[in-house]
Amino acid sequence: MTTKQVETLDRVVIRFAGDSGDGMQLTGDRFTAETASLGNDLATLPNFPAEIRAPAGTLPGVSSFQLHFADHDISTPGDAPDVLVAMNPAALRANLHDVPRGGTLIVDTDDFTKRNLAKVGYHTSPLDDGSLESYQVHALPMTSMTVKALEGLDLSRKDAERSKNMFALGLLSWLYDRPTAATERFLKAKFGKRATVLEANLRAFRAGWAFGETTEGFAVRFTVPPAPAEKGTYRNVTGNTALAYGLVAAAHRAGLPIVLGSYPITPASDILHTLSGLKRFGVTTIQAEDEIAGVGAALGASFGGSLGITSTSGPGLALKAETIGLAVMLELPLVIVDVQRGGPSTGLPTKTEQSDLLQAMYGRNGESPVPVVAPSTPTDCFDAAVDAVRIAVTYRTPVVLLSDGYLANGSEPWKLPRVDDLPAVDPGFATEPNGAEADGVTPAFRPYLRDAETLARPWAVPGTAGLEHRVGGLEKADVTGDISYDPANHDRMVRLRRAKVKGVAVPDIEVDDPTATRGGPQDSRSEVLVLGWGSTYGPITAAVRAARKQGLSVAQTHLRHINPLPGNLGEVLRRYPKVLVPEMNLGQLALLLRGRYLADVTSCNQVRGLPFTSTELVEAISALHHAPARSHHEARAVHGEAR
Amino acid sequence: MTATVPLGMPAARSGGSGLDGVPALPEGVALGKKDFTSAQEVRWCPGCGDYAVLAAVQGFLPELGLRRENVVFISGIGCSSRFPYYLDTFGMHSIHGRAPAIATGLATSRSDLSVWVVTGDGDALSIGGNHLIHAMRRNVNMTVLLFNNRIYGLTKGQYSPTSETGKVTKSTPAGSLDAPFNPVSLALGAEATFVARTLDSDRKHLTSVLRAAAEHRGTSLVEIYQNCPIFNDGAFDVLKDRDESVGRLVRLEDGQPLLFGAEGAQKAVVRSASGFGVEVLDAAAAAEAGREVLVHDAGADDPSAAFALSRLDDVSMAHVPVGIFRSVARPTYDDLARQQLDEARDVAGGPASDDDLAALLAGGDTWTVG
Ligand code: SF4
């Protein structure tokens with residue numbers, strides 16, 4: 001055995017790429033789990049086609065999984081991979097342009113046949129024609145080595161080849177000194193009932209590891225030490241799982257059963273899958289006949305005193321609009337989870353985007369305000385879901401929880417919350433009449449008599465004697481809830497519904513501004529404020545750090561609540577003459593900020609289906625930083641809040 | 001019906017009463033029609049068939065012996081969908097076509113409620129067609145009252161999915177082109193376990209059908225032929241006229257031979273010559289030809305006979321079966337859903353505690369720092 005040199009790195013970005021049938025997502029997931037258990041900070045970016053199995057060996061069929069891990073706090077899956085694992089020519093071709101010169105390529109050569117090369121437009125093999133000279137290339141027949149390792153097992157060659165992803169995982173696990181016990185346990189749990197398949201996967205995994213250890217091709221082995229982290233117990237979690245758990249945790253603390261009405265849709269289906277396995281926690285899931293029925297069933301359950309939830313993506317949100325409007329009118333708790341994807345129409349089902357913001361805000365007929373909550377990281381999906389439930393239950397209102405494809409499938413380490421620390425919202429069901437008939441004596445129930453502080457109406461559920469009442473989509477008379485066509489009443493009710501949502505308690509935003517906190521004069525501030533919402537948090541954070549390293553004066557803040565906006569936002573915007581708003585849409589939050597505060601923010605937009613790279617954000621920050629400042633007077637004028 | 005996959009759960013309650021689990025009034029306490037009548041002023045057009053149905057429902061509900069607070073009426077949009085406002089129970093006047101979906105969520109989460117859906121031909125069969133068929137397929141425990149007046153009333157007189165082809169209306173000045181639905185055939189095709197038809201004007205028949213529908217555990221679909229005097233007046237007159245109706249109305253009674261018509265001119269429903277459908281023959285001629293009079297069996301597992309009966313009715317209304325076409329026991333979606341929850345809880349040894357939640361959040365793969 002050769003003695004290998006061990007080198008310590010502070011961070012690595014690896015991208016696994018192969019055919020969508022090659023098991024790259026599983027490989028990435030397992031490498032992530034190994035890395036998480038080692039205590040590195042990490043962030044992941046799965047990227048796969050919408051087709052379940054696009055034609056093998058083609059560019060559209062390439063599926064990849066990128067993982068960034070480090071010995072320090074990181075916030076993105078990395079702009080560019082240091083290491084690309086390519087299982088076929090298509091994977092190499094589709095991903096090579098992201099790998100910086102000098103990067104490492106680990107390539108399975110078995111698929112580099114003339115035909116496969118031609119399929120993706122290679123006239124000569126890049127492995128032989130010198131085009132990869134500026135990379136460190138490890139060209140290995142991983143498939144044949146896998147097949148060889150499985151000799152003697154009762155498997156066809158084709159079946160044996162399927163374990164090549166485990167060979168790659170074993171090799172990479174060796175190369176980066178990852179613990180392997182959990183992966184072996186995982187394989188045993190997954191394939192335990194199919195002994196041959198289990199044996200094949202284990203053998204391939206171990207063969208990959210052993211190959212790394214014995215071959216001279218890999219002279220150096222790397223370690224990435226654990227990142228310092230707060231004391232606590234951690235796990236790795238994806239945004240969709242965290243979001244589902246947040247809903248369950250909040251409902252559990254409130255003592256409410258959950259009814260999820262949902263229709264399968266990418267990338268939200270995993271929320272339905274997760275919740276359907278949590279019956280034990282009082283979760284009923286109804287896979288409805290369509291998106292409309294999903295939200296309808298949820299609303300019906302809310303009327304009955306459950307926490308009604310529906311989960312969907314943009315096209316589904318469009319279909320649910322009318323029912324959400326009904327929920328606005330009925331003033332019942334309802335959580336609508338929209339895991340955004342590329343649009344319009346069917347758009348890019350498996351790619352991320354933030355383009356449903358205005359749909360969430362305004363995509364209904366009439367004046368139909370709903371609170372909008374947006375998580376910023378995969379783990380924040382948990383907290384944002386808890387918050388959405390708090391708002392829905394406290395204010396008797398539908399709430400839109402705006403996640404996106406990047407958060408949904410991305411994962412990161414999560415410091416487990418203490419259950420005791422989670423808020424316990426009291427549903428406060430109405431139990432008795434809250435008013436009197438005209439005679440002033442006979443008790444009567446007034447379904448639209450509001451709480452003075454929250455403006456919430458009573459949640460009076462069927463089965464409660466004396467509270468029989470009728471609700472519906474027709475305009476309600478204030479207090480009594482009777483049908484009313486009175487113009488003045490309608491005007492009042494529209495304003496009341498708006499006031500209720502405007503009055504939802506949301507915390508002020510905090511601005512991370514190194515200039516202001518360095519004890520300078522009160523009004524000292526950075527040159528540029530970067531303001532984001534939702535999943536851009538990671539890339540923005542990385543970019544702001546990088547920009548500061550370059551000497552730029554940058555502050556950062558991030559919105560969790562889009563409706564209502566934090567009370568101090570207007571004042572924050574007035575403090576900064578240059579505000580950069582990066583969004584994975586064409587400027588939807590910017591439009592809201594301009595409309596609400598007359599704030600002349602600068603948009604930075606892209607809709608490529610992938611998160612921002614920190615590089616492009618640093619460029620945008622730098623450009624704004626160096627742009628001529630407006631005169632003080634002018635700045636004041638454009639930042640005055642419209643009231 | 002046998003499940004092809006062993007579900008590993010106790011035999012579902014089937015064939016129980018639709019009211020099982022709904023709290024009854026204490027012994028000796030009874031409510032009257034007045035108790036089920038809300039203070040809301042009723043606002044249908046004078047002479048609308050909806051009045052008669054409302055009166056029948058208000059008069060019949062006390063019979064069930066339920067607490068008012070455990071009764072819920074959910075409607076969609078249309079003239080008849082104002083119904084819930086006039087009943088002093090819990091109610092929701094929802095949006096167009098969606099009442100069955102909303103009721104599905106409510107019924108699934110609350111076994112202690114008697115859930116009713118009020119809908120019309122446009123609401124249930126046009127904009128809400130999908131929800132209606134899926135509610136029936138799932139067999140959610142609820143009673144659907146489908147007011148069929150074969151016209152759009154609330155939007156002032158356009159043709160509906162049950163209007164006869166060629167109907168001249170505001171939106172079809174040259175006559176409508178589409179073939180109508182037969183709601184009973186549709187329901188039977190959608191795997192409904194209880195399907196009945198009745199008339200707004202026949203209080204006694206209406207009430208008896210409502211009673212059976214409420215008693216049925218599962219989705220009960222009751223089609224009510226309802227007159228709209230404003231936009232489709234007299235649509236069902238031939239079924240209401242004493243003389244005319246005798247030879248047309250086929251009153252379905254379980255276990256009884258399908259004979260109808262005036263004395264001396266009796267008609268019989270027999271298996272059609274082709275063997276698949278049914279046809280109406282002069283009873284005497286049928287006897288002579290040795291054609292066996294069909295005996296109505298609403299409980300037959302195979303819905304073919306019920307379907308064949310439903311096909312007797314067409315726009316000519318020459319022969320219109322009324323009564324219960326089908327009433328069979330099948331596990332309900334809501335019972336099964338609750339069973340799954342109960343079972344998950346039992347297997348885990350009781351309701352989830354804070355510790356269980358903590359264990360869920362942690363999952364199987366944690367590490368500790370510090
Ligand atoms: S339009 Fe017809 S159905 Fe509607 S209320 Fe008037 S009479 Fe009744």
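Side chains are part of it too, since the values below use all heavy atoms of this structure and drop only hydrogens, waters and symmetry mates. Letters A, B, ... mirror the listed sequences (proteins, then strands); counts begin at 1.
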### Query
So which part of Leu326(A) gets closer than 4.5 Å to some heavy atom of chain B, the side chain, the backbone, both or neither?
side chain

### Message
Which residues pass the side-chain contact (heavy atoms from CB on, under 4.5 Å) test with Gln40(B), not counting sequence neighbours?
### Response
Asp482(A), Ile483(A), Ser38(B), Tyr85(B), Tyr86(B)

#### Entry: Main-chain N/O of Thr366(B) paired with Arg235(A) side-chain donor or acceptor, under 3.5 Å
no

### Part of Asp356(B) within contact of chain A (heavy atom distance under 4.5 Å)
both

### Query
Does the side chain of Asp354(B) come under 3.5 Å of the side chain of His252(A) through a donor N or O and an acceptor N or O?
yes

### Task
Count the heavy atoms belonging to other residues, nucleotides or ligands that lie under 6.0 Å from CZ of Phe181(B), then report whether that count exceeds 12.
no

### Query
If you measure only the distance, is there a donor-acceptor pair under 3.5 Å linking the side chains of Asp365(B) and Asn236(A)?
no

### Message
Between Arg68(B) and Gly466(A) (side chain of the first, backbone of the second, donor and acceptor by atom type, cut-off under 3.5 Å), is there such a pair?
### Response
no

### Message
Heavy-atom cut-off 4.5 Å, strictly under: side chain, backbone, both or neither for Ala362(B) against chain A?
### Response
both

### Query
Contact part of Thr108(B) toward chain A, heavy-atom cut-off under 4.5 Å: side chain, backbone, both or neither?
side chain

### Query
What part of Leu87(B) gets closer than 4.5 Å to chain A, counting heavy atoms only: side chain, backbone, both or neither?
backbone

### Message
Can you tell me which portion of Ala242(A) sits under 4.5 Å from chain B's heavy atoms? Options are side chain, backbone, both or neither.
### Response
neither

### Query
With respect to chain B, which residue among Glu289(A), Lys231(A), Lys279(A), Glu322(A) yields the maximal number of heavy-atom pairs within a distance under 4.5 Å?
Glu289(A)

### Message
Tell me if a side-chain donor or acceptor on Arg110(B) pairs with a main-chain N or O of Pro462(A) at a distance below 3.5 Å.
### Response
yes

### Task
With a 4.5 Å cut-off on heavy-atom pairs, point out which of Gly473(A), Ala36(A), Gly294(A), Gly304(A) contacts chain B the most.
Ala36(A)

### Non-neighbouring partners of Trp459(A) that pass ring pair (Phe, Tyr, Trp, His ring centres under 6.0 Å), sequence neighbours left out
Phe429(A)

### Residue Phe73(B) versus chain A: region with a heavy atom under 4.5 Å
neither

### Query
Given that the side chain runs from C-beta out, which part of Leu341(B) has a heavy atom under 4.5 Å from chain A: side chain, backbone, both or neither?
both

